[in-house]
Amino acid sequence: MPELPEVEIVKRSLLRIANKAKIKDIKVLNTNLRYKISRKFCNQLINEKIIKISRRSKYIIFHFKEKFLLLHLGMTGKLLILRQKDNEIFKSSFYYDLNILTKHNHIYFFLNNGFVLIYNDVRRFGYFKYYFKKKLSEISFLKKLGPEPLGKKFNHKYFKNFIKGKKNIKSLLMDQTFVSGLGNIYVNEVLFVAKVNPLKLCCDLNDKNINQLIKNIKLVLKKSIINGGSTIKDFKNPSGKSGNFQQFFRVYGKKNRKCSRISCKGKINKILIKNRATFYCPECQT
DNA sequence: AAGAGGCCCTGATAGC
DNA sequence: TGCTATCAGGGCCTCT
């Protein structure tokens, strides 16, 4: 499931092949993503040049002249890159059976540089959203997101000002208005490394806890990006390559296994917090 | 009004 | 073997 590191990897791959390219044509095989893909959606993109590709939180942002396209990969969204083999002419009907290939390919973007970008999404939780704005900063939806976890704004002072007692720390880290880009897997891992119990209430966090959390959020994310993201189920970057970070998981998916801290005799526990699988060691995460 | 939980979806796996 | 039940989870939505 794509969290910040996975989305960052996808963005970097896209930069190499799609940046500055023009969208020649779009074929939609399945309009039923989280939000319906309309014919208008396609018309607004055809013949537009991709000026820039960036990432904010878990969103990939395609910059066009005075408009922006946001892509969220949901749970199983993938972008695949194909090189168009010959000069086959694609009819411009809205629905078009390309007779390909894999299941769950929903949208084909044909670029003028010979590449085809394929949006594939098994569970169809992903979505595209379109904004007519001159500047990215005018998109109010993005303003609601909390700071990037790897950015300077995400620091001790910010952390402390934000928390007001209320909820448990795990729910806070999952809250995208607090910090944007963390998902369930990385939150589990971060809490373990920082030795903080996921059920601990925010009002009970001390300065040391907060420092450990901030430090390890940045560390875990950076390490994952270096390792090409995590491959859970079937995350792949657009070239079809898997990531390697999952081999470094210390608690996620490790129910009943011995705690990986050598000095600790605890056993990994699994509970549900807000209906999300939560793995932690009751001995060393206090 | 903040926080908890349901829902969307499909494939893998467990259990009978 | 073949069926059903359960689980996975991001973010939006509803309910309390």
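Only this structure's heavy atoms are used, side chains among them; waters, hydrogens and symmetry mates stay out. Within every chain, numbering begins at 1; the chains are lettered A, B, ... in the order of the sequence lines, protein sequences first and strands thereafter.
Between the P atom of C:dG9 and the CG atom of A:L182 lies a distance of 15 Å, rounded to the nearest Å. A straight line from NZ of A:K274 to P of B:dC7 spans 16 Å, rounded to a whole angstrom. When rounded to the nearest whole Å, the span between CE of A:M75 and P of B:dG11 equals 14 Å. B:dA2 atom C1' lies 14 Å from atom CG of A:L201, rounded to whole Å. C:dG10 atom C1' lies 12 Å from atom NZ of A:K170, rounded to whole Å. The distance between atom CG of A:L70 and atom P of C:dG10, rounded to the nearest whole Å, is 18 Å. In this structure, CZ of A:F141 is placed 9 Å from C1' of C:dG11, rounded to the nearest angstrom. As a whole-Å value, the separation of A:I273 CD1 from C:dA8 C1' is 17 Å.
Listed nucleotides C:dG10, C:dC12, C:dA8 differ in distance to A:M174; the shortest reach to its side chain belongs to C:dG10. Listed candidates were B:dA4, C:dG9, B:dG6. Nearest to the side chain of A:N275 is B:dG6. Minimum atom distance to the side chain of A:K167 is reached by B:dA4, of the listed C:dG9, B:dA4, C:dG10. In the set C:dC7, C:dG9, C:dG11, C:dC7 carries the atom at the smallest distance from any side-chain atom of A:K270.
The side chain to side chain donor-acceptor pair (under 3.5 Å) test with A:N184 singles out one residue from A:K170, A:E189, A:R276, and that residue is A:K170.
For the 3.5 Å distance criterion, the side chains of A:N120 and A:H106 fail to qualify, holding no donor opposite an acceptor. In the model, A:R250 has a side-chain atom that pairs as donor or acceptor with a side-chain atom of A:S260 under 3.5 Å. With hydrogens and angles left out, the side-chain atoms of A:Y119 and A:D121 include a donor and acceptor closer than 3.5 Å.
Residues A:R276 and A:S171 each lie close to DNA chain B; by heavy-atom proximity, the contact nearer the 5' end of the strand is made by A:S171.
Centroid-to-centroid, the aromatic rings of A:F68 and A:Y59 stay 6.0 Å apart or farther.
Between A:F109 and A:F41, the two ring planes are perpendicular [angle over 60°; tilted spans 30° to 60°].
Between A:K58 and C:dG11, a side-chain N or O to OP1/OP2 separation shorter than 4.0 Å is present. At the phosphate of C:dG10, neither OP1 nor OP2 sits under 4.0 Å from any side-chain N or O atom of A:Q176.
For residues 21-40 of chain A, the pairs satisfying ring-ring contact (aromatic ring centres under 6.0 Å, His included) are A:Y35-A:Y127, with sequence neighbours left out.
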Taking N or O atoms only and anything under 3.5 Å, show me the protein contacts with nucleotides 8-10 of chain B, one pair per line.
unit_1 : atom_1 : unit_2 : atom_2 : d
B:dT10 : OP1    : A:R124 : NH1    : 3.0

